[in-house]
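Within every chain, numbering begins at 1; the chains are lettered A, B, ... in the order of the sequence lines, protein sequences first and strands thereafter. In this text, all values refer to a predicted model and were calculated from it rather than measured experimentally.
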Amino acid sequence: EDQVTQSPEALRLQEGESSSLNCSYTVSGLRGLFWYRQDPGKGPEFLFTLYSAGEEKEKERLKATLTKKESFLHITAPKPEDSATYLCAVQADDYKLSFGAGTTVTVRA
Amino acid sequence: SQTIHQWPATLVQPVGSPLSLECTVEGTSNPNLYWYRQAAGRGLQLLFYSVGIGQISSEVPQNLSASRPQDRQFILSSKKLLLSDSGFYLCAWRTGEWEKLFFGSGTQLSVL
């Protein structure tokens with residue numbers, strides 16, 4: 001069974017304090033790894049798709065990387081508006097998406 | 001551009017009452033449609049998906065059902081709600097089975 005584990009569960013950062021979120025996965029035949037941002041009471045918002053080990057994607061202060069067993073979401077010099085829950089999802093050959101439980105990031109001014 | 005509408009945003013229902021949540025997608029044709037449930041501290045759980053009108057696949061046995069009466073309309077229903085049906089329900093769509101998902105704004109359902 002496909003498994004996706006995100007760590008840590010919660011992360012409290014000072015504004016400007018860079019950090020990384022981890023998404024480790026076990027899946028047979030990775031077809032893609034997705035990162036989403038979710039604000040409280042809202043639906044997840046798409047951030048990145050990564051397809052192969054070594055791939056990197058960037059958007060503003062966020063950078064996602066992928067290895068054969070995990071993905072990292074790096075937040076550089078975060079601002080309070082980066083506070084959200086970040087979800088990771090993997091897609092295997094059976095086209096089903098498996099989601100992790102998420103990492104809740106709180107950035108204090 | 002494509003948009004997804006999901007309503008209502010919040011719903012409080014008594015145990016044993018029926019349920020109907022609706023989702024519509026605009027700006028695309030023949031989307032793959034999904035219903036997810038999200039419990040606090042847990043990952044999104046896939047409930048139903050549909051690749052076409054009248055085609056529904058169920059992932060989890062439960063007292064919920066789904067229907068797709070039109071190409072861009074997806075409905076989640078229950079005849080009698082249970083306390084365990086409480087949660088945050090999300091509708092989502094994508095153009096194909098390997099593409100990224102786009103989510104609606106969600107419905108917070110409380111069964112009391």
Peer 1: Is it the side chain or the backbone of B:Leu90 that comes within 4.5 Å of chain A heavy atoms, both, or neither?
Peer 2: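 Contact with chain A: side chain only.
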Peer 1: Chain A heavy atoms under 4.5 Å from B:Gln6: which part of the residue, side chain, backbone, both or neither?
Peer 2: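 No part of it gets close to chain A.
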Peer 1: Among A:Pro44, A:Ala101, A:Gly32, who wins on heavy-atom pairs under 4.5 Å with chain B?
Peer 2: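 Option with the greatest count: A:Pro44.
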Peer 1: What's the separation between atom CG in B:Leu44 and atom OH in A:Tyr36, rounded to the nearest 0.5 Å?
Peer 2: 9.5 Å
Peer 1: Is A:Gln3 atom CD crowded by more than 12 heavy atoms from other residues, nucleotides or ligands, each under 6.0 Å away?
Peer 2: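 No, the 6.0 Å shell around CD holds no more than 12 heavy atoms from other groups.
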Peer 1: Let me check something: do B:Trp35 and B:Leu64 share a hydrophobic cluster, defined by ILVMFWY side-chain heavy atoms less than 4.5 Å apart, either directly or through other members?
Peer 2: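 Result: yes, single cluster for both.
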Peer 1: Could you see if A:Leu62 belongs to whatever hydrophobic cluster contains A:Leu66? Use Ile, Leu, Val, Met, Phe, Trp, Tyr and a side-chain cutoff under 4.5 Å.
Peer 2: yes
Peer 1: Taking A:Thr85, A:Thr49, A:Leu97, A:Thr104 one by one, which has the highest count of heavy-atom pairs under 4.5 Å against chain B?
Peer 2: A:Leu97
Peer 1: To the closest 0.5 Å, what do you measure between CZ (B:Phe103) and CG (A:Leu87)?
Peer 2: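 Between atom CZ of B:Phe103 and atom CG of A:Leu87 there are 8.0 Å.
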Peer 1: Cluster question for you: counting only ILVMFWY and a side-chain heavy-atom cut-off of under 4.5 Å, with indirect links fine, are B:Tyr36 and B:Leu11 together?
Peer 2: no
Peer 1: Check whether A:Ala10 gets within reach of chain B through its side chain, its backbone, both or neither, counting any heavy atom under 4.5 Å.
Peer 2: neither
Peer 1: With the 4.5 Å side-chain cut-off for hydrophobic clustering, are B:Leu33 and B:Ile75 part of the same group?
Peer 2: no
Peer 1: Between B:Ile4 and chain A, which part of the residue has a heavy atom less than 4.5 Å away: side chain, backbone, both or neither?
Peer 2: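 Neither part, no heavy atoms under 4.5 Å.
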Peer 1: For A:Lys42 and B:Phe88, work out which heavy atoms get closest and say how close.
Peer 2: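 Scanning both residues, the minimum pair turns out to be O-CE2, 3.5 Å.
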Peer 1: Checking B:Tyr34 against chain A: side chain, backbone, both or neither under 4.5 Å from a heavy atom?
Peer 2: neither
Peer 1: If you count heavy atoms of other groups shown closer than 6.0 angstrom to CD of A:Glu9, is the number above 12?
Peer 2: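 12 or below, so no.
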Peer 1: Quick check on the hydrophobic clustering: are A:Phe72 and A:Leu33 connected, directly or via other members, by side-chain heavy-atom contacts under 4.5 Å?
Peer 2: no
Peer 1: So for A:Gln38, is it side chain, backbone, both, or neither that comes closer than 4.5 Å to the heavy atoms of chain B?
Peer 2: side chain
Peer 1: Rounded at 0.5 Å granularity, tell me how far NZ in B:Lys100 sits from CD in A:Gln91.
Peer 2: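 Rounded to the nearest 0.5 Å, the NZ-CD separation comes to 12.0 Å.
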